[in-house]
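Data first, discussion second: the structure below is written as structure tokens.
The model shown is predicted, which means the values in this text are computed figures rather than measured ones. A, B, ... follow the sequence lines: proteins, then strands. Residue 1 opens every chain.
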Protein chains: 2
Amino acid sequence: MSAPKTDSQQQILALLKQLNREISAQELYVELRRRSQSLGLATIYRALKALKLEGTIQTRTLSNGESFYSLAEAEQHYLTCLNCGKSILLENCPICQESAASREQEHFKIYYHILDFFGLCPSCQHQIHVES
Amino acid sequence: MSAPKTDSQQQILALLKQLNREISAQELYVELRRRSQSLGLATIYRALKALKLEGTIQTRTLSNGESFYSLAEAEQHYLTCLNCGKSILLENCPICQESAASREQEHFKIYYHILDFFGLCPSCQHQIHVES
DNA sequence: AATCATTTTGATAACGATTATCATTATTTT
DNA sequence: AAAATAATGATAATCGTTATCAAAATGATT
Ligand SMILES: [Mn+2]
Ligand SMILES: [Mn+2]
Ligand SMILES: [Zn+2]
Ligand SMILES: [Zn+2]
């Protein structure tokens, strides 16, 4: 479960633990640079990929193709607006208790899950009704 | 719920109904061309966006940024491998019965939800253990 | 310590799905 | 018919991500 980690992986992991929120690769790049621990962008993507394959971090990819990274232990249930793209973090998880994906779990090694509700946020409901 | 639809929207909708599986925008482009109903790629993206905002179709975006489209009524619960990216469609839904996102539903208009389990498929479990 | 092999890194180019632009064509309204 | 509006398609631009490749760092071997 815990493979040997490179310096860059450890730096990223430490920052993710400290921030305790999901963050994009590009944001990671500027944030690390701001803390005078700058890493190349390619290195960041490489480290994220390695941590992802270990199951240490999880990824959520928005419909615009941008991905956000966070510790795998964090919650991942959102309410996402199809219009403005903003996501609202949900507190409770309807499935964590139940034996999720019971049969498939035997052979498929599950690291985490994401439950995403898609629709329109209040302001976008207005905006769309007005402009159409 | 059902806004006036352009010809291109109707063509895409008809094809989605017929195929009854999720399909990418690029695939749609070649498939429509194959059926001598060719549409411009920009038009396809425009139509997909409009149908999405109506709640008629749903989108699932892979971690590589590519999006797949299908009718909103179809199931959307997957087992996705972090290594090869392949997704396995799950049959049962652990949450459809329960009043999902109960409180938020009042103001946030939910069209559909996606429940995605991420991990490693059997073959990728082997592959990674061998090469490391 | 010096040499060699392996790993890690970073600058940059390449990639590819999506989006913006804009002129043309179709449709509707007056 | 004329004007206004909407829809379309070819193409350029965007942008997050991935591939490339040479340099630097690390570890092993003599
Ligand atoms: Mn959960
Ligand atoms: Mn369901
Ligand atoms: Zn919104
Ligand atoms: Zn796999």
Establish, with yes or no, whether the OP1 or OP2 oxygen of [N] is under 4.0 angstrom from a side-chain nitrogen or oxygen of [X].
X       : N      : answer
B/Thr6  : D/dT8  : yes
B/Ser67 : C/dT18 : yes
A/Thr43 : C/dT8  : no
B/Ser24 : C/dA17 : no
A/Tyr45 : D/dT17 : yes

Over how many whole Å does the gap from [X] atom [atom1] to [N] atom [atom2] extend?
X       : N      : atom1 : atom2 : result
B/Glu27 : C/dT18 : CD    : C1'   : 16 Å
B/Leu41 : D/dA10 : CG    : P     : 10 Å
A/Gln26 : D/dC15 : CD    : P     : 11 Å
A/Asp7  : D/dA25 : CG    : C1'   : 10 Å
B/Glu66 : D/dC15 : CD    : P     : 21 Å
B/Ile44 : C/dT18 : CD1   : P     : 11 Å
B/Gln37 : D/dT8  : CD    : C1'   : 16 Å
B/Tyr29 : C/dA17 : OH    : P     : 13 Å

- CZ of A/Arg33: more than 12 outside heavy atoms within 6.0 angstrom?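 No - once you tally the heavy atoms of other residues, nucleotides and ligands closer than 6.0 Å, there are 12 at most.
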- Query: B/Gln125 side chain to A/His107 main-chain N or O, any donor-acceptor pair under 3.5 Å?
  - Reply: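 The answer is yes, because a donor-acceptor pair under 3.5 Å joins these two groups.
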- Item | side chain to side chain contact (heavy atoms under 4.5 Å, CB included) between A/Arg60 and A/Gln76, worked out | CA-CA 8 Å; A/Arg60 188 170 70 104; A/Gln76 281 285 84; 3.7 Å; yes
- With respect to the side chain of A/Ala42, which nucleotide from D/dT8, D/dG16, C/dA11 is positioned closest?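 From the listed options, C/dA11 comes nearest.
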- Nearest nucleotide by nearest heavy atom, which residue falls closer to the 5' end of DNA chain D, B/Ser8 or B/Asn64?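 Closer to the 5' end of DNA chain D: B/Ser8.
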- Task: Could you go through the side-chain hydrogen bond (donor to acceptor under 3.5 Å, both in side chains) check for B/Ser8 and B/Arg46 one step at a time?
- Result: CA-CA 9 Å; B/Ser8 59; B/Arg46 269 189 295 249; over 6 Å; no
- Message: Between A/Ser38 and B/Tyr69, which residue's closest nucleotide on DNA chain C lies nearer the 5′ terminus?
- Response: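 Its nucleotide being nearer the 5' end, the pick is A/Ser38.
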- Look at the side-chain heavy atoms of Ile, Leu, Val, Met, Phe, Trp and Tyr, link any pair under 4.5 Å apart, and say whether B/Leu48 and B/Val30 land in one connected group.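 Yes, it is one cluster - the side chains of B/Leu48 and B/Val30 are joined through contacts under 4.5 Å.
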